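Below: one structure, written as C-alpha coordinates.
Chain naming here is simple, since letters A, B, ... match the order of the sequence lines and numbering starts at 1 in each. Keep in mind that this is a model prediction, so the values were computed, not measured.
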Protein chains: 2
Amino acid sequence: MKSVRNTTAKTEIQELIANSPVALSHTEIQSATNGLCDRVTIYRILERLTVEGLIHKVVNVDGVVKYAGCHSCSEKHNHNHIHFSCQKCKSVTCLEDVEPSYKLPKKYTVSEMNFTLSGLCPQCS
Amino acid sequence: MKSVRNTTAKTEIQELIANSPVALSHTEIQSATNGLCDRVTIYRILERLTVEGLIHKVVNVDGVVKYAGCHSCSEKHNHNHIHFSCQKCKSVTCLEDVEPSYKLPKKYTVSEMNFTLSGLCPQCS
DNA sequence: TAGCTTAATGCAACAATGTTGCAAAAGTAA
DNA sequence: TTACTTTTGCAACATTGTTGCATTAAGCTA
Ligand SMILES: [Mn+2]
Ligand SMILES: [Mn+2]
Ligand SMILES: [Zn+2]
Ligand SMILES: [Zn+2]
(Lines give C-alpha, C1' and ligand atoms only; values in the text may rest on other atoms or scores of the structure.)
(Ligands and ions follow the chains in the order given, each with its own letter.)
Protein backbone atom coordinates (compact mmCIF):
# COMPACT_ATOMS: atom_id res chain seq x y z
CA MET A 1 0.00 0.00 0.00
CA LYS A 2 1.56 3.25 -1.10
CA SER A 3 0.38 6.23 0.82
CA VAL A 4 0.77 9.87 -0.08
CA ARG A 5 2.65 12.23 2.21
CA ASN A 6 2.07 15.94 2.25
CA THR A 7 5.38 17.69 2.60
CA THR A 8 6.10 21.38 2.94
CA ALA A 9 7.51 21.65 -0.56
CA LYS A 10 4.61 19.80 -2.14
CA THR A 11 1.99 21.91 -0.37
CA GLU A 12 3.72 25.16 -1.21
CA ILE A 13 4.16 24.33 -4.87
CA GLN A 14 0.57 23.17 -5.18
CA GLU A 15 -0.74 26.40 -3.66
CA LEU A 16 1.60 28.44 -5.84
CA ILE A 17 0.16 26.86 -8.97
CA ALA A 18 -3.42 26.95 -7.70
CA ASN A 19 -3.23 30.66 -6.91
CA SER A 20 -1.52 31.64 -10.15
CA PRO A 21 -3.70 33.10 -12.92
CA VAL A 22 -1.29 31.72 -15.51
CA ALA A 23 0.50 28.41 -16.00
CA LEU A 24 3.98 28.19 -14.48
CA SER A 25 7.13 26.56 -15.79
CA HIS A 26 9.62 24.57 -13.71
CA THR A 27 12.04 27.50 -13.84
CA GLU A 28 9.38 29.98 -12.73
CA ILE A 29 8.42 27.71 -9.85
CA GLN A 30 12.03 27.37 -8.82
CA SER A 31 12.47 31.14 -8.80
CA ALA A 32 9.22 31.73 -6.93
CA THR A 33 9.99 29.21 -4.20
CA ASN A 34 13.54 30.48 -3.78
CA GLY A 35 15.54 27.53 -2.46
CA LEU A 36 12.58 25.73 -0.92
CA CYS A 37 13.90 22.46 -2.30
CA ASP A 38 16.19 20.96 -4.91
CA ARG A 39 15.33 21.33 -8.59
CA VAL A 40 15.03 17.55 -8.94
CA THR A 41 12.49 17.57 -6.13
CA ILE A 42 10.45 20.16 -8.00
CA TYR A 43 10.34 17.86 -11.02
CA ARG A 44 9.22 14.98 -8.82
CA ILE A 45 6.59 17.04 -7.03
CA LEU A 46 5.19 18.25 -10.35
CA GLU A 47 5.02 14.66 -11.53
CA ARG A 48 3.23 13.60 -8.35
CA LEU A 49 0.73 16.48 -8.44
CA THR A 50 -0.01 15.61 -12.06
CA VAL A 51 -0.65 11.94 -11.24
CA GLU A 52 -2.88 12.97 -8.35
CA GLY A 53 -4.95 15.11 -10.71
CA LEU A 54 -4.25 18.37 -8.91
CA ILE A 55 -2.34 20.06 -11.75
CA HIS A 56 -1.99 19.51 -15.47
CA LYS A 57 0.90 19.87 -17.87
CA VAL A 58 0.73 22.28 -20.77
CA VAL A 59 3.25 22.02 -23.59
CA ASN A 60 3.39 25.39 -25.26
CA VAL A 61 3.86 25.95 -28.99
CA ASP A 62 7.44 27.03 -28.32
CA GLY A 63 8.09 23.76 -26.46
CA VAL A 64 8.13 25.31 -22.99
CA VAL A 65 6.42 23.06 -20.46
CA LYS A 66 4.14 24.75 -17.94
CA TYR A 67 1.77 23.61 -15.23
CA ALA A 68 -1.69 24.84 -14.29
CA GLY A 69 -4.18 23.87 -11.62
CA CYS A 70 -6.97 21.37 -12.27
CA HIS A 71 -10.52 22.20 -11.29
CA SER A 72 -12.37 18.92 -11.59
CA CYS A 73 -9.88 16.13 -12.19
CA SER A 74 -10.25 13.70 -9.32
CA GLU A 75 -9.73 10.26 -10.84
CA LYS A 76 -8.09 11.10 -14.13
CA HIS A 77 -7.45 14.20 -16.19
CA ASN A 78 -10.25 15.31 -18.43
CA HIS A 79 -9.39 18.58 -20.10
CA ASN A 80 -11.17 19.82 -23.14
CA HIS A 81 -10.33 23.49 -22.96
CA ILE A 82 -8.08 25.74 -25.00
CA HIS A 83 -4.83 27.28 -23.82
CA PHE A 84 -3.80 30.74 -24.87
CA SER A 85 -0.14 31.58 -25.27
CA CYS A 86 0.77 35.29 -25.42
CA GLN A 87 3.65 35.98 -27.79
CA LYS A 88 4.52 39.20 -26.00
CA CYS A 89 4.40 38.50 -22.25
CA LYS A 90 4.86 34.72 -22.74
CA SER A 91 1.99 33.93 -20.43
CA VAL A 92 0.01 30.73 -20.86
CA THR A 93 -3.60 30.83 -19.69
CA CYS A 94 -6.27 28.15 -19.41
CA LEU A 95 -9.45 29.21 -21.15
CA GLU A 96 -11.67 26.76 -19.34
CA ASP A 97 -14.85 28.04 -20.95
CA VAL A 98 -13.68 27.56 -24.51
CA GLU A 99 -14.45 24.13 -25.92
CA PRO A 100 -13.37 23.65 -29.51
CA SER A 101 -15.28 21.40 -31.87
CA TYR A 102 -13.95 19.30 -34.73
CA LYS A 103 -14.86 16.26 -36.74
CA LEU A 104 -12.33 13.56 -37.44
CA PRO A 105 -12.90 11.80 -40.74
CA LYS A 106 -11.18 8.47 -40.23
CA LYS A 107 -10.84 5.75 -37.66
CA TYR A 108 -8.89 7.65 -35.08
CA THR A 109 -9.39 6.95 -31.39
CA VAL A 110 -9.02 10.15 -29.39
CA SER A 111 -8.11 10.08 -25.73
CA GLU A 112 -6.50 13.46 -25.14
CA MET A 113 -6.44 16.89 -26.68
CA ASN A 114 -4.03 19.77 -26.51
CA PHE A 115 -5.24 22.93 -28.20
CA THR A 116 -3.19 26.07 -28.00
CA LEU A 117 -3.77 29.43 -29.62
CA SER A 118 -1.07 32.06 -29.69
CA GLY A 119 -1.22 35.79 -30.22
CA LEU A 120 -1.78 38.68 -27.86
CA CYS A 121 -3.52 38.39 -24.51
CA PRO A 122 -5.97 41.06 -23.27
CA GLN A 123 -3.19 42.81 -21.31
CA CYS A 124 -0.88 42.96 -24.31
CA SER A 125 -3.37 43.79 -27.06
CA MET B 1 21.07 40.75 -50.82
CA LYS B 2 21.22 37.33 -49.26
CA SER B 3 20.78 34.52 -51.71
CA VAL B 4 19.75 30.96 -51.00
CA ARG B 5 21.98 28.06 -51.96
CA ASN B 6 20.67 24.56 -52.56
CA THR B 7 23.08 22.09 -51.05
CA THR B 8 22.99 18.31 -51.15
CA ALA B 9 22.04 18.05 -47.51
CA LYS B 10 19.27 20.62 -47.75
CA THR B 11 17.73 18.99 -50.82
CA GLU B 12 17.90 15.51 -49.35
CA ILE B 13 16.34 16.55 -46.03
CA GLN B 14 13.59 18.47 -47.76
CA GLU B 15 12.69 15.49 -49.94
CA LEU B 16 12.83 13.17 -46.94
CA ILE B 17 10.27 15.28 -45.11
CA ALA B 18 8.15 15.89 -48.20
CA ASN B 19 7.90 12.17 -48.96
CA SER B 20 7.20 11.12 -45.38
CA PRO B 21 3.57 10.38 -44.45
CA VAL B 22 4.32 11.40 -40.87
CA ALA B 23 6.20 14.27 -39.24
CA LEU B 24 9.86 13.60 -38.49
CA SER B 25 11.99 14.59 -35.53
CA HIS B 26 15.59 15.81 -35.70
CA THR B 27 16.76 12.44 -34.39
CA GLU B 28 14.74 10.53 -36.96
CA ILE B 29 16.12 12.72 -39.73
CA GLN B 30 19.65 12.19 -38.49
CA SER B 31 19.16 8.42 -38.50
CA ALA B 32 17.51 8.41 -41.90
CA THR B 33 20.23 10.47 -43.56
CA ASN B 34 23.00 8.42 -41.95
CA GLY B 35 26.00 10.74 -41.73
CA LEU B 36 24.93 13.02 -44.56
CA CYS B 37 25.94 16.02 -42.50
CA ASP B 38 26.61 17.20 -38.95
CA ARG B 39 23.74 17.32 -36.46
CA VAL B 40 24.16 21.07 -36.12
CA THR B 41 23.75 21.38 -39.86
CA ILE B 42 20.48 19.47 -39.65
CA TYR B 43 19.20 21.99 -37.10
CA ARG B 44 20.22 24.86 -39.37
CA ILE B 45 18.69 23.27 -42.45
CA LEU B 46 15.41 22.67 -40.59
CA GLU B 47 15.42 26.30 -39.51
CA ARG B 48 16.04 27.46 -43.07
CA LEU B 49 13.37 25.22 -44.59
CA THR B 50 10.92 26.53 -42.00
CA VAL B 51 11.72 30.17 -42.80
CA GLU B 52 11.35 29.43 -46.51
CA GLY B 53 7.89 27.98 -45.87
CA LEU B 54 8.74 24.50 -47.14
CA ILE B 55 8.25 22.69 -43.84
CA HIS B 56 6.52 23.43 -40.54
CA LYS B 57 7.34 22.64 -36.97
CA VAL B 58 5.02 20.55 -34.84
CA VAL B 59 5.46 20.48 -31.07
CA ASN B 60 3.87 17.29 -29.85
CA VAL B 61 1.98 16.91 -26.57
CA ASP B 62 4.98 15.06 -25.14
CA GLY B 63 7.25 17.96 -26.09
CA VAL B 64 8.94 16.18 -28.98
CA VAL B 65 9.54 18.54 -31.90
CA LYS B 66 8.79 17.20 -35.35
CA TYR B 67 8.73 18.60 -38.86
CA ALA B 68 6.23 18.09 -41.67
CA GLY B 69 5.98 19.37 -45.20
CA CYS B 70 3.99 22.46 -46.11
CA HIS B 71 1.55 22.34 -49.00
CA SER B 72 0.65 25.95 -49.61
CA CYS B 73 2.90 28.18 -47.53
CA SER B 74 4.78 30.39 -49.96
CA GLU B 75 5.06 33.75 -48.21
CA LYS B 76 4.30 32.84 -44.63
CA HIS B 77 2.96 29.86 -42.74
CA ASN B 78 -0.79 29.54 -42.58
CA HIS B 79 -1.78 26.31 -40.88
CA ASN B 80 -5.19 25.73 -39.45
CA HIS B 81 -5.27 21.96 -39.39
CA ILE B 82 -5.16 19.42 -36.59
CA HIS B 83 -2.25 17.11 -35.81
CA PHE B 84 -2.78 13.60 -34.59
CA SER B 85 -0.29 12.01 -32.23
CA CYS B 86 -0.47 8.22 -31.81
CA GLN B 87 0.29 7.11 -28.28
CA LYS B 88 1.31 3.65 -29.47
CA CYS B 89 3.51 4.09 -32.55
CA LYS B 90 4.43 7.70 -31.65
CA SER B 91 3.62 8.92 -35.14
CA VAL B 92 2.51 12.50 -35.71
CA THR B 93 0.31 13.10 -38.71
CA CYS B 94 -1.06 16.27 -40.30
CA LEU B 95 -4.81 16.07 -40.75
CA GLU B 96 -4.99 18.80 -43.33
CA ASP B 97 -8.71 18.41 -43.89
CA VAL B 98 -9.71 18.88 -40.28
CA GLU B 99 -10.35 22.48 -39.29
CA PRO B 100 -11.47 22.95 -35.70
CA SER B 101 -13.86 25.71 -34.69
CA TYR B 102 -13.98 27.66 -31.45
CA LYS B 103 -15.18 30.96 -30.08
CA LEU B 104 -12.78 33.06 -28.06
CA PRO B 105 -13.52 36.02 -25.81
CA LYS B 106 -13.06 39.01 -28.08
CA LYS B 107 -10.16 40.46 -26.11
CA TYR B 108 -7.71 37.94 -27.50
CA THR B 109 -5.83 38.44 -30.76
CA VAL B 110 -5.01 35.12 -32.43
CA SER B 111 -2.17 34.75 -34.90
CA GLU B 112 -1.27 31.07 -34.70
CA MET B 113 -2.84 27.82 -33.66
CA ASN B 114 -1.49 24.44 -32.64
CA PHE B 115 -4.12 21.76 -32.18
CA THR B 116 -3.08 18.23 -31.39
CA LEU B 117 -5.21 15.21 -30.63
CA SER B 118 -3.67 12.08 -29.18
CA GLY B 119 -4.89 8.53 -29.06
CA LEU B 120 -4.62 5.64 -31.50
CA CYS B 121 -4.03 6.08 -35.21
CA PRO B 122 -5.87 3.89 -37.77
CA GLN B 123 -2.93 1.46 -37.94
CA CYS B 124 -2.82 1.03 -34.16
CA SER B 125 -6.55 0.95 -33.39
C1' DT C 1 36.82 26.90 -67.02
C1' DA C 2 38.86 29.76 -63.36
C1' DG C 3 38.30 33.04 -59.84
C1' DC C 4 35.49 35.56 -56.51
C1' DT C 5 32.10 36.26 -52.99
C1' DT C 6 29.71 34.63 -49.24
C1' DA C 7 26.31 31.16 -47.83
C1' DA C 8 26.70 26.82 -45.75
C1' DT C 9 29.16 23.40 -43.07
C1' DG C 10 32.00 20.94 -39.37
C1' DC C 11 33.63 21.04 -35.00
C1' DA C 12 34.07 22.19 -30.31
C1' DA C 13 32.13 24.20 -26.53
C1' DC C 14 28.29 25.55 -24.08
C1' DA C 15 23.36 25.94 -22.12
C1' DA C 16 18.80 24.33 -20.83
C1' DT C 17 15.93 20.77 -19.47
C1' DG C 18 14.92 16.49 -17.69
C1' DT C 19 16.20 11.65 -15.66
C1' DT C 20 18.24 8.09 -12.55
C1' DG C 21 20.59 5.76 -8.50
C1' DC C 22 21.44 5.88 -3.90
C1' DA C 23 22.10 7.32 0.78
C1' DA C 24 20.01 10.48 4.09
C1' DA C 25 16.01 12.83 5.91
C1' DA C 26 11.34 13.30 7.10
C1' DG C 27 6.23 12.03 7.30
C1' DT C 28 2.83 8.91 9.37
C1' DA C 29 0.85 5.17 11.97
C1' DA C 30 1.37 2.34 15.97
C1' DT D 1 9.19 7.30 20.53
C1' DT D 2 9.82 3.57 17.20
C1' DA D 3 9.37 1.44 12.83
C1' DC D 4 8.32 1.71 8.25
C1' DT D 5 8.17 3.89 3.96
C1' DT D 6 7.93 7.97 1.28
C1' DT D 7 10.38 11.88 -0.04
C1' DT D 8 14.51 14.53 -0.62
C1' DG D 9 19.38 16.06 -1.85
C1' DC D 10 23.14 15.30 -4.50
C1' DA D 11 25.91 13.78 -8.13
C1' DA D 12 26.11 12.06 -12.45
C1' DC D 13 24.21 11.46 -16.76
C1' DA D 14 21.26 12.01 -21.20
C1' DT D 15 18.94 14.68 -24.62
C1' DT D 16 18.06 18.62 -27.21
C1' DG D 17 19.29 22.82 -28.99
C1' DT D 18 22.57 27.05 -29.58
C1' DT D 19 26.80 29.78 -30.69
C1' DG D 20 31.51 31.15 -32.46
C1' DC D 21 34.82 30.48 -35.75
C1' DA D 22 37.67 28.56 -39.23
C1' DT D 23 36.95 25.92 -43.49
C1' DT D 24 34.36 24.38 -47.48
C1' DA D 25 31.69 24.83 -51.38
C1' DA D 26 27.60 26.90 -54.21
C1' DG D 27 26.59 30.09 -57.65
C1' DC D 28 27.77 34.05 -60.25
C1' DT D 29 30.78 36.44 -63.57
C1' DA D 30 34.55 37.08 -66.57
MN1 LIG E 1 -5.40 24.06 -18.86
MN1 LIG F 1 0.86 20.01 -39.99
ZN1 LIG G 1 0.44 38.99 -22.88
ZN1 LIG H 1 -0.09 4.50 -34.30
List every contact pair, protein side and nucleotides 27-30 of chain D side both N or O, where the distance is under 3.5 Å.
residue : atom : partner : partner atom : Å
D/dG27  : OP1  : B/Asn6  : N            : 3.1

Any N/O pairs under 3.5 Å between the protein and nucleotides 10-12 of chain C? List them or say none.
residue : atom : partner : partner atom : Å
C/dG10  : OP2  : B/Asp38 : N            : 2.7
C/dG10  : OP2  : B/Thr41 : OG1          : 2.6
C/dG10  : N7   : B/Arg44 : NH2          : 3.2
C/dG10  : O6   : B/Arg44 : NH2          : 2.7
C/dC11  : N4   : B/Arg44 : NH2          : 3.4

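A/Tyr43 has its OH atom 9 Å from the C1' atom of C/dT19, to the nearest Å. Distance, B/Ile45 CD1 to D/dA25 C1': 13 Å, rounded to whole Å. Look at CD on B/Glu12: it is 16 Å from C1' on C/dA8, rounded to the nearest Å. For the pair A/Ile13 CD1 and D/dT7 C1', the computed distance is 12 Å after rounding to whole Å. Protein atom CD of A/Glu28 is 15 Å distant from nucleotide atom P of C/dA16, rounded to whole Å. Counting to the nearest Å, the C1' atom of D/dT15 and the CD atom of B/Gln30 are 12 Å from each other. Regarding A/Lys10, its NZ atom lies at a distance of 10 Å from the C1' atom of D/dT7, rounded to whole Å.
Rounding to the nearest 0.5 Å places CG of A/Leu95 at 7.0 Å from CD1 of A/Ile82.
Using a 4.0 Å cut-off, some side-chain N or O of B/Thr27 falls inside it from OP1 or OP2 of D/dT16.
For the residue pair B/Met113 and B/Pro100, the shortest heavy atom distance occurs at CE-CG, 3.6 Å. Considering all non-hydrogen atoms of both residues, B/Ile17 and B/Gly69 come closest at CG2-N, 3.5 Å. Minimum interatomic distance between B/Ser125 and A/Thr109 (heavy atoms only, all atoms of both residues): OG-OG1, 3.3 Å. Residue B/Val59 comes nearest to A/Asn60 through the heavy atom pair CG1-O, 3.7 Å, listed as atom of the first residue, atom of the second, then distance.
Under the 4.5 Å side-chain contact rule for hydrophobic residues, B/Leu16 and B/Ile55 share a cluster.
Applying side-chain contact (heavy atoms from CB on, under 4.5 Å) to B/Ser85 and the options B/Thr116, B/Leu117, B/Asp62 leaves one that passes, B/Thr116.
Using a 4.0 Å cut-off on heavy atoms, none of the residues of residues 48-63 of chain A approach DNA chain C.
Defined by atom type and a distance below 3.5 Å, a donor-acceptor pair is missing between the side-chain atoms of A/Glu12 and A/Thr33.
Between A/His81 and A/His56, the distance separating the two ring centers is shorter than 6.0 angstrom. In summary, the aromatic rings of A/His26 and A/Tyr43 are positioned with their centroids under 6.0 Å apart.
In this view, B/Lys10 and B/Glu52 satisfy the salt bridge (Lys or Arg N to Asp or Glu O under 4.0 Å) rule, not counting sequence neighbours. For the side-chain hydrogen bond (donor to acceptor under 3.5 Å, both in side chains) test, no residue two or more places apart in sequence or in another chain qualifies with B/Ser72.
When the local axes at the two ends of the helix from C/dT1-D/dA30 to C/dA30-D/dT1 are compared, using 5 base pairs at each end, they differ in direction by 30° after rounding to 10°.
Considering only heavy atoms from C-beta on, A/Ile42 stays 4.5 Å or farther from A/Asp38 through its side chain.
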